Amino acid sequence: MRKYYAVRVGRDGASGIYDTWEQCRALVHGVPGAVYKSFPDRAQAEAFLTGAAAEAEKPGGEEVCVAYVDGSYNAATGEFACGAVAFWQGEQIEFSKRYDDRELAAMHNVAGEIMGAVTVIRWCLEQGIPAVEIHHDYQGIAAWAQGLWKANREGTRAYARFCQKAMERMGITFVKVKGHSGDAWNDRADALAKAAFRAQDGEQ
């Protein structure tokens, strides 16, 4: 079945309707905040492009899940937490979880960012999603997964092994974003990581 790919926000401000996923991907892959979606007919694609369709302007499309991950550390308890927000086929899915792993906790909030990436990848594998693009603000999230950094701790070695195994089943790409720079979805992931401490303590 033919598809039309509408790019509302793409690379360098590009927008338009394209006939193939390859054309669309060239404009949105690795672009923070890209907004795009595929449609079965051109009229729907045009409505999305002009904003006539009732669509929330969220990242992601139908071939790639776009996710933002972050971590937080509680110095008082020695615990860490992850937060993540993922976008898949128009849906926004959020993750927020606290951990008590003393070895990983030595990495403070980076441990949470690692677990955020792991949580999103696991969810994508469970859903049968073919590819995920993970936005992160700590370079090691990509560097360990891609074998660019040597993993010296057992936790980072386990993370690298997990990612490499997952890459045999799905596409995984990474996009570095600047932390605390006003990126709405990176900020949301950060808030979800911090909220994990309050939620599991029974606070509302």
Side-chain angles (χ1 to χ4, degrees), residues 5-15 24-38 48-49 51 53-73 80-99 108-127 129-143 145-146 159 163 166 170-199:
Y5 298 87
V7 178
R8 188 182 291 170
V9 181
R11 192 181 309 281
D12 298 324
S15 65
C24 175
R25 186 179 187 279
L27 293 174
V28 302
H29 180 69
V31 179
V35 180
Y36 58 99
K37 191 172 182 180
S38 66
F48 174 82
L49 194 63
E55 295 284 350
E57 292 198 10
K58 297 175 181 176
E62 294 194 350
E63 276 72 19
V64 179
C65 173
V66 174
Y68 290 74
V69 303
D70 212 340
S72 185
Y73 177 70
F80 62 92
C82 74
V85 54
F87 301 93
W88 172 244
Q89 296 187 336
E91 297 293 325
Q92 178 176 333
I93 303 94
E94 296 186 342
F95 306 88
S96 180
K97 187 174 181 181
R98 182 173 67 182
Y99 298 88
H108 294 188
N109 61 305
V110 173
E113 199 155 345
I114 285 174
M115 292 311 300
V118 168
T119 297
V120 166
I121 293 168
R122 279 179 177 158
W123 181 81
C124 288
L125 288 171
E126 290 168 359
Q127 302 300 314
I129 294 172
V132 62
E133 181 178 281
I134 297 176
H135 295 240
H136 56 94
D137 58 25
Y138 181 70
Q139 186 59 39
I141 299 306
Q146 296 169 334
Y159 169 66
C163 289
M170 67 184 298
I172 303 176
T173 56
F174 298 88
V175 178
K176 176 74 167 61
V177 299
K178 186 176 180 180
H180 308 291
S181 61
D183 184 307
W185 300 119
N186 181 252
D187 288 348
R188 179 57 183 162
D190 179 57
L192 287 166
K194 290 180 171 62
F197 295 118
R198 297 192 300 272

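Please read all numbers here as calculations on a predicted model, not as lab measurements. Because only heavy atoms are used, hydrogens play no part in the values below, and waters and symmetry mates are left out as well, while side chains stay in.
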Quiz item: Parallel, tilted or perpendicular: which describes the rings of F87 and W185, with under 30° parallel and over 60° perpendicular?
Solution: perpendicular
Practice problem: Would you mind reporting whether V175 and I134 have side-chain heavy atoms less than 4.5 Å apart? | Solution: no
Quiz item: Can you name the closest pair of heavy atoms from V132 and A67 and give their distance?
Solution: CG2-CB, 4.5 Å
Quiz item: Hey, what do you get for CZ (F95) to SG (C82), rounding to the nearest 0.5 Å?
Solution: 9.0 Å
Self-check item: From L192 atom CG to S96 atom OG, the distance as rounded to the nearest 0.5 Å
Solution: 5.5 Å
Self-check item: Pairwise distance CD(E133) to CZ(F174) - rounded to 0.5 angstrom
Solution: 10.5 Å
Quiz item: Which heavy atom in Y159 sits nearest to a heavy atom in G140, and how many Å separate them?
Solution: CE2-O, 4.4 Å
Self-check item: Least distance between heavy atoms, A14 atom then V7 atom
Solution: O-CG1, 3.8 Å
Self-check item: Gap between atom SG of C65 and atom CD1 of I93 - 0.5 Å precision
Solution: 6.5 Å
Quiz prompt | Non-hydrogen atoms of M170 and C124 that approach each other most closely | solution = CE-CB, 3.5 Å
Quiz item: Taking side chain as C-beta onward, heavy atoms only, is K176 less than 4.5 Å from H135?
Solution: no
Self-check item: CZ on R198 to CZ on R98, rounded to 0.5 Å
Solution: 11.5 Å
Self-check item: Distance in Å, F80 CZ paired with Y99 OH, rounded so as to fall on 0.5 Å steps
Solution: 7.0 Å
Anything under 3.5 Å between a donor and an acceptor, one on a side chain of residues 112-122, the other on a protein residue two or more places apart or in another chain? List them.
{"unit_1": "E113", "atom_1": "OE2", "unit_2": "D137", "atom_2": "N", "d": "2.8"}
{"unit_1": "E113", "atom_1": "OE2", "unit_2": "Y138", "atom_2": "N", "d": "3.2"}
{"unit_1": "T119", "atom_1": "OG1", "unit_2": "M115", "atom_2": "O", "d": "2.7"}

Quiz prompt | Contact check, side chains of S72 and K194, non-hydrogen atoms, under 4.5 Å | solution = yes
Quiz item: Would you say V28 and R11 make side-chain contact, with heavy atoms under 4.5 Å?
Solution: no
Quiz item: Below 4.5 Å, heavy atoms only, C-beta onward: do W88 and W123 meet side chain to side chain?
Solution: yes
Quiz item: Shortest non-hydrogen contact from D190 to G71?
Solution: OD1-O, 4.3 Å
Practice problem: Could you tell me whether the side chain of L125 reaches within less than 4.5 Å of the side chain of Q127, counting heavy atoms only? | Solution: no
